[in-house]
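Quick notes on the structure that follows.
Quick note: residue numbers are just sequence positions, from 1.
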Amino acid sequence: MTQGWELSETYESTSGQVRWQRLGPATAPPVVLLHGTPFSSYVWRGIARALAVDHRVYVWDMPGYGSSAKFDGQDVSLAAQGRVFRELLDHWELAEPLVAAHDFGGAVALRAHLLHGARYRRLALVDPVALAPWGSPFFRLVGDNTLVFEQLPPNLHGALVREYITTASSPGLHPAVLERLATPWLGDEGQPAFYRQIAQAEQRFTDEIQERYPTLDLPVHICWGEDDTWIPVARAHQLASLIPAATLTLIPGAGHLVQEDTPAELTAALRTFLTAAEDTD
């Protein structure tokens, strides 16, 4: 279940080395998938392979996440990730790809588009971090006390990370999947990286773009797990009301980590939305 997902390509970004991979036919329409926090491209593995049947799919681990570089002093903020995503699009020579972004990745995609001129043919947002206020009580507690949490013994830190990730799923995660998601945050490199990304996750980075959502002039589809306890489903309706002509799919039985909870339903919703672009050619 957890094997066979390795990112073999690298890109030296302004925030450190990025690991990435491309799947599917080289001449097919391009789709880029963005993960959230505290996850990696691994959460997209099944959906990426399904879309790669008839799309050229790009997946990547953001700096500070997954298999990408992690180091002391690294800028892994939303501001940095938005810039890095624009760099990657230029590196891949993608002028106007289809984009699907989850959680924190939603804010990254929105910032790259609204602040850095990245253009997308269509944008799908899956339970995105996009509206204030955001951050769970746990997230805020850790952010306010990063230096204390960084000193946790490794076994207690590992238990905290696993428990936190578990709460992103409504039905619960397979143990092997949970371990794969937790592993990048363990050890001498992973533990400080986990607290570093929380410390830099400031709401001001979405405040800077929230008032611009009514200016979005491309097709936008919002998917949301009805059982999301990290970002309540009411935010889905609020976000849809701010974006002109945005469409919305609510997915029963899914928590925040929709890719793991209901992958077939999310794949169907994304495929319907993304392939509509080809029908307009």
When rounded to the nearest 0.5 angstrom, what distance separates [atom1] in [X] from [atom2] in [Y]?
{"X": "Trp230", "Y": "Thr37", "atom1": "CH2", "atom2": "OG1", "value": "7.5 Å"}
{"X": "Glu6", "Y": "Glu9", "atom1": "CD", "atom2": "CD", "value": "13.0 Å"}
{"X": "Leu94", "Y": "Glu96", "atom1": "CG", "atom2": "CD", "value": "11.0 Å"}
{"X": "Leu98", "Y": "Leu274", "atom1": "CG", "atom2": "CG", "value": "5.0 Å"}
{"X": "Leu89", "Y": "Tyr58", "atom1": "CG", "atom2": "OH", "value": "10.0 Å"}
{"X": "Arg86", "Y": "Arg119", "atom1": "CZ", "atom2": "CZ", "value": "10.0 Å"}

### Message
The test is side-chain contact (heavy atoms from CB on, under 4.5 Å); show your working for Leu242 and Leu131 and say whether it passes.
### Response
CA-CA 10 Å; Leu242 294 175; Leu131 299 172; 3.7 Å; yes
Given side chains that start at C-beta, do those of [X] and [Y] come closer than 4.5 Å, heavy atoms only?
{"X": "Arg83", "Y": "Asp75", "value": "yes"}
{"X": "Leu88", "Y": "Trp60", "value": "yes"}
{"X": "Arg235", "Y": "Ile222", "value": "no"}
{"X": "Leu110", "Y": "Arg212", "value": "no"}
{"X": "Lys70", "Y": "Pro184", "value": "yes"}
{"X": "Val177", "Y": "Val43", "value": "no"}

### Message
Is there a side-chain contact (heavy atoms from CB on, under 4.5 Å) between Val18 and Thr10? Walk through the geometry before answering.
### Response
CA-CA 6 Å; Val18 170; Thr10 61; over 6 Å; no
Do the side-chain N and O atoms of [X] and [Y] include a donor-acceptor pair separated by under 3.5 angstrom?
{"X": "His221", "Y": "Thr247", "answer": "yes"}
{"X": "Ser67", "Y": "Asp61", "answer": "yes"}
{"X": "Trp5", "Y": "Ser41", "answer": "yes"}
{"X": "Ser169", "Y": "Glu260", "answer": "no"}

Verify same cluster id: [X], [Y] (apolar side-chain graph, 4.5 Å):
{"X": "Leu125", "Y": "Ile47", "answer": "yes"}
{"X": "Ile231", "Y": "Ile165", "answer": "yes"}
{"X": "Leu173", "Y": "Leu186", "answer": "no"}
{"X": "Val53", "Y": "Val32", "answer": "no"}
{"X": "Leu178", "Y": "Phe138", "answer": "yes"}

Under 3.5 Å, is there a donor-acceptor pair between the side chain of [X] and the main chain of [Y]?
{"X": "Gln81", "Y": "Arg111", "answer": "no"}
{"X": "Gln151", "Y": "Leu147", "answer": "yes"}
{"X": "His55", "Y": "Pro30", "answer": "no"}
{"X": "Arg56", "Y": "Ala26", "answer": "yes"}
{"X": "His174", "Y": "Ala176", "answer": "yes"}
{"X": "Glu226", "Y": "Val233", "answer": "no"}
{"X": "Arg271", "Y": "Thr267", "answer": "no"}
{"X": "Asp103", "Y": "Gly105", "answer": "no"}
{"X": "Arg196", "Y": "Val76", "answer": "no"}
{"X": "Tyr213", "Y": "Ala130", "answer": "yes"}

For [X] and [Y], work out which heavy atoms get closest and say how close.
{"X": "Cys223", "Y": "Ile251", "value": "CB-CD1, 4.4 Å"}
{"X": "Phe104", "Y": "Ser77", "value": "CZ-C, 4.4 Å"}
{"X": "Pro63", "Y": "Ser13", "value": "CG-OG, 3.9 Å"}
{"X": "Ser68", "Y": "Arg19", "value": "OG-N, 2.9 Å"}
{"X": "Leu23", "Y": "Ala52", "value": "CB-CB, 3.8 Å"}
{"X": "Leu239", "Y": "Pro128", "value": "CD2-CG, 3.7 Å"}

### Message
Tyr65 and ring-ring contact (aromatic ring centres under 6.0 Å, His included): which single residue from Trp185, Trp20, Phe194, Tyr42 fits?
### Response
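That would be Trp185.
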### Message
Between Leu216 and Leu114, is the side-chain contact (heavy atoms from CB on, under 4.5 Å) condition met? List the steps.
### Response
CA-CA 8 Å; Leu216 289 167; Leu114 293 168; 3.7 Å; yes
### Query
Cation over ring, Arg122 on Phe273, under 6.0 Å and within 45°?
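Verdict for Phe273: a cation-pi partner in Arg122.
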#### Entry: Passing option when Tyr195 is tested against Glu150, Gln200, His157 for side-chain hydrogen bond (donor to acceptor under 3.5 Å, both in side chains)
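Single pass found, and it is His157.
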### Task
Hey, can you tell me if Trp44 and His102 have their rings parallel, tilted or perpendicular (30° and 60° cut-offs)?
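Plane angle over 60°, so perpendicular.
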### Message
Is it true that, when you exclude Asn155 itself, more than 12 heavy atoms of the residues, nucleotides or ligands shown sit nearer than 6.0 Å to its CG?
### Response
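Counting neighbours around CG of Asn155, more than 12 heavy atoms of other residues, nucleotides or ligands fall under 6.0 Å, so yes.
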#### Entry: side-chain contact (heavy atoms from CB on, under 4.5 Å), paired with Phe149, selected from Val142, Asp144, Ile198, Leu156
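Only match with Phe149 under side-chain contact (heavy atoms from CB on, under 4.5 Å): Val142.
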### Test log, rule side-chain contact (heavy atoms from CB on, under 4.5 Å), inputs Leu152 and Gln191
CA-CA 9 Å; Leu152 282 175; Gln191 183 165 339; 4.2 Å; yes
